[in-house]
2 protein chains.
Amino acid sequence: MANTSSTVDKALTLLGFFTERRSAAGLSELARLSGFNKATTLRFLNSLEAKGFVEQDAATRAYHLGPAFLRFAQVRESSFPFARAVRDILHGLVEKTGETAHVSALSGGVLANIDRVESKRSNRVVLDPGEVLPFHATASGIVYLAFADPDVTDAALKAPLTGHTAKTITDPAAIRARVDQARADGYARAGETYEDQVVGLALPYFGPSGAVCGAVAVALPKARASDGAEALILRELRTAARKLSAACGGALPDDFPQVPADDVKE
Amino acid sequence: MANTSSTVDKALTLLGFFTERRSAAGLSELARLSGFNKATTLRFLNSLEAKGFVEQDAATRAYHLGPAFLRFAQVRESSFPFARAVRDILHGLVEKTGETAHVSALSGGVLANIDRVESKRSNRVVLDPGEVLPFHATASGIVYLAFADPDVTDAALKAPLTGHTAKTITDPAAIRARVDQARADGYARAGETYEDQVVGLALPYFGPSGAVCGAVAVALPKARASDGAEALILRELRTAARKLSAACGGALPDDFPQVPADDVKE
DNA sequence: CTCAATTGGTTCATTTATTGAACCGTTGGT
DNA sequence: ACCAACGGTTCAATAAATGAACCAATTGAG
């Protein structure tokens, strides 16, 4: 991945520093985060602002994501009504499983949450929309790598693997084993590798060319992760992955593994 | 405004060529539209693609807006839940007036539709989401200019004013008179200046610093544009503009003109 | 079945925009 | 009054953007 070293590339990375937690940031802060010179950062911000990708708060002088995203999200949506489909599918998953569900997609080299619907239970898993999911520490990431281009997988495993909990696996060889397992199983399971007390189950979904687009996952408290519950979730995830692939104009591959055992009653 | 001629600026303008009508475009087409060299255009597209701002269809090789917009729209929304408020307000307007309503915002130097909800009547005005509204030919544009910074207004009137219908006003002085009128009235009306047989009514809404953010408008077929109907619409638009300003963290200015005559019964 | 036109994409010398250290004026804390 | 950190500006040095010419692959007409 490294540095493609194109100016627009750099400018666009600035946008990636805006997250739910840090929804606004000042010039110096962004320069520090990005490693760019302050003058450079400012020029980028001005360009981004001119096109509505960031906005500057007149009072605090801090920058935040601009209204262009509302507009372009609309345009994309009108020709490619994906967000709506995702939303419906997630609601279905939450209703059927009772747990928090989320969908991620590869966007700019990272797997990022596209949308999420939370469980209605009081003890539930909470996720940030737009959150970036580390490949090695989440079920979504593992299952994505399992069906991704080998180059992508290699690149992801070469990157530094940061620990998130005591159980996070950071040995590339061990991750690779999990990835291979996920490819054979057709799903991935992550037990407390990203957040304590949280278990994740994920399936991939595919685009028109048959390439993997992202993952759909359910996250639940470890206490409720019984075999029966997980089997149910995997069954629901499979139909969700199928619908999601359809919404992208794709489909699950013909040789995609049956999920729990084989309860073929479509 | 002219051309700041920064590389990122140029790259970002490519995104503007994707509209509801032209949701995908090939390399040559984009190069033609933008006037950039093919090589340049390709480099831009590659950078944009690397960050998820465009995607390339594997089969047709055409580009379309990427999933990054879904993600960033989410992030922006989570810290600044505007789209949701807009949607609710528009539904309210459509219910009360029976006509198509839309909200626009300045984004990248142009006034672009943020969202729209169509009337349920069979004879209704149809709008494209993400559509760019010409300042001089729409009620939204006029009323925006009326409350915008004088520099912005001057710049907009210096740009070439293209005709859209037989009734489009293209004389800068005449437009300026309309703008001044709109500032005095607190609203703008455009009769068939953008689309034949369509009348538009628009009010501005304001952000935290008291600066105008965009416009909220109702568009209806000329045949239904009776005085009574328009008065009702203006009344509803005013409450919509107030809510919308609140959603931005702003408010209508204290000296904002009362709309129809004065039916003060809040 | 050819020919010509158009497509997406590549190359590389020229040029032009990008870069960053040092700078300025403000602001906010002590 | 001080200092530090802020947002923003300047300008020579330099690295990156540019674009005409060039491929290879489709496409469509005669």
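Values reported hereafter were calculated over all heavy atoms of this structure, with side chains retained and with hydrogens, waters and symmetry mates removed. In what follows, chains are A, B, ... by sequence order, proteins preceding strands, each numbered from 1.
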Does the side chain of [X] get closer than 4.0 angstrom to OP1 or OP2 of [N] through an N or O atom?
| X | N | answer |
| --- | --- | --- |
| B/S6 | C/dA17 | no |
| A/K38 | D/dA5 | no |
| B/T7 | D/dA17 | no |
| B/R43 | D/dG19 | no |
| A/Y63 | D/dC6 | no |
| A/R32 | D/dA5 | no |

Minimum side-chain heavy-atom gap A/F69-B/E77 below 4.5 Å: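 With C-beta onward as the side chain, the pair stays apart.
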
Selection from D/dT18, C/dG9, D/dG8 that lies nearest to any side-chain heavy atom of B/F44: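 It is D/dT18.
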
message: Between P on C/dT10 and CZ on B/R61, what's the gap in Å once rounded to a whole number?
response: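 Between P of C/dT10 and CZ of B/R61: 9 Å.
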
message: Please classify the nucleic acid contact of A/Q56 as base, sugar-phosphate, or nothing, using heavy-atom distances under 4.0 Å.
response: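 Sugar-phosphate, backbone atoms only, no base.
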
query: Under 3.5 Å, is there a donor-acceptor pair linking the side chains of A/T7 and B/T7?
result: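 No, B/T7 and A/T7 have no side-chain donor paired with an acceptor closer than 3.5 Å.
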
message: Taking atom CZ as the centre, does B/R178 end up with more than 12 heavy-atom neighbours from other residues, nucleotides or ligands that are less than 6.0 angstrom away?
response: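 12 or below, so no.
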
Smallest separation among heavy atoms of B/N113 and B/V103, with atom names: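 For B/N113 versus B/V103, the nearest heavy atoms are OD1-O, 3.4 Å.
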
